[in-house]
Amino acid sequence: MRWKSNKLKELRDQYIGMLSSLYGEDESKQLVHILTEHLFGVTPVRIALKPEKRLSESEILQFHQAVKELLKHKPIQHITGHTTFLDLKLAVNESVLIPRPETEELVQLIVEREKNNSVRLIDIGTGSGCIALAFKKHTPEAQVTAADISAEALKIAGQNAQKQHLEIDLIRIDVLHPDSYAALPVYDVVVSNPPYVTQSDKKLMQKNVLDYEPATALFVENENPLVFYVAILEFSRIHLANGGRIYFEINEQKGPDLVHLLEKHHYMEIALHLDMHGKERFLEAVKK
Ligand code: GLN
């Protein structure tokens with residue numbers, strides 16, 4: 001690879017061109033904007049003001065390396081090391097799912113419902129901590145617990161809590177094994193975005209997800225797609241107060257099955273909500 005120029009503006013145009021076949025032009029522009037800001041602290045406006053700005057040899061190498069990783073489908077969030085979730089800047093790495101915009105909608109729903117109650121909430125399968133932390137930020141009176149099976153994920157969630165000055169409890173549990181959570185208290189709210197992508201859906205997923213994001217956070221067997229929801233209802237049998245609320249993010253194809261499951265467990269006020277794409281993505285219900 002040869003660089004015709006060491007001018008930032010020209011390098012950017014060259015890299016946008018290289019990325020466009022994979023990401024399309026608009027997204028490539030955006031990716032390159034994010035990279036230049038991340039690597040050199042330069043915003044698009046400043047580049048326009050200083051078209052002559054040049055990069056050093058080592059800066060060009062850094063830039064080139066990052067573009068190479070993007071061409072290998074590496075998520076931009078793994079290159080910069082962070083993402084934005086609602087108004088929080090959160091660290092992410094390959095141990096946690098990169099928070100999705102749909103999950104922001106889930107948090108907005110929970111905040112809307114619970115903002116006037118000083119609740120005890122547990123987030124099961126917290127990953128980066130996105131749900132637990134965003135909820136705590138918007139509902140400071142709440143006592144928030146973030147649980148995960150992965151020690152690596154809890155490390156990231158802990159770092160995010162510290163950086164944001166948000167006080168939450170972090171605990172390691174395996175929700176499929178009741179012994180691991182028997183000592184926990186009772187909560188008013190249980191929330192979870194558990195793994196829900198079936199092996200058949202996996203075939204439709206992009207390389208950036210399949211190669212870089214943790215399978216344990218994403219996939220379930222075709223034969224047992226609701227395994228985590230069943231386990232969370234078992235958890236809630238003892239650890240959710242009567243009258244307590246449950247909030248789930250769900251596989252868009254499993255809405256009716258999950259409503260049925262909640263009915264079988266005698267939950268009340270069951271409601272399915274659509275996400276921004278019009279897909280059945282969230283469920284809420286009240287324990288009798
Ligand atoms: N919505 C995520 C995706 O499609 C999956 C999240 C999950 O399994 N909980 O990548």
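Every number for a ligand or one of its atoms is a count from 1 in the order of the listing. Quick caveat: nothing in here was measured; it's all calculated off a predicted structure.
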What protein heavy atom is closest to atom 5 (C) of ligand 1, reported as residue, atom name and distance in Å? L218 CD2, 3.7 Å
Atom indices of ligand 1 within 4.0 angstrom of [X] heavy atoms, with elements:
X: M205; result: 10 (O)
X: P195; result: 8 (O)
X: R100; result: 2 (C), 3 (C), 10 (O)
X: P194; result: 7 (C), 8 (O), 9 (N)

Side chain proximity check, F85 to V107, heavy atoms < 4.5 angstrom: yes
Identify which of F219, F248, Y196 has a heavy atom lying nearest to atom 7 (C) of ligand 1.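 Result: the heavy atom closest to atom 7 (C) of ligand 1 is in Y196.
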Can an N or O of V209 be found at a distance shorter than 3.5 Å from an N or O of ligand 1? no
At a 4.0 Å cut-off, with the gap strictly under it, does some heavy atom of N193 reach an atom of ligand 1?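 Contact check N193 vs ligand 1: positive.
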Mind checking whether A217 has a heavy atom under 4.0 Å from ligand 1?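 Under 4.0 Å: yes for A217.
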Could you check whether R113 pairs with E284 (Lys NZ or Arg NE/NH1/NH2 to Asp/Glu carboxylate O, under 4.0 Å)? yes
Carboxylate-amine/guanidinium proximity below 4.0 Å for R237 and E234: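 So R237 pairs with E234 through a salt bridge.
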Is there a donor-acceptor contact under 3.5 Å linking the side chains of Y23 and Q30? no
A quick test of your reading: do over 12 heavy atoms of other residues, nucleotides or ligands sit less than 6.0 Å from CD of Q159?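 Enclosed.
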Does the structure place the NZ or CZ of K202 under 6.0 Å from the centre of the six-membered ring of F219, at an angle of no more than 45° from the ring's axis? yes
Is N6 reaching over with its side chain to a backbone N or O of I60, donor-acceptor style, under 3.5 angstrom?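 Pair absent, no side-chain N/O of N6 close to backbone of I60.
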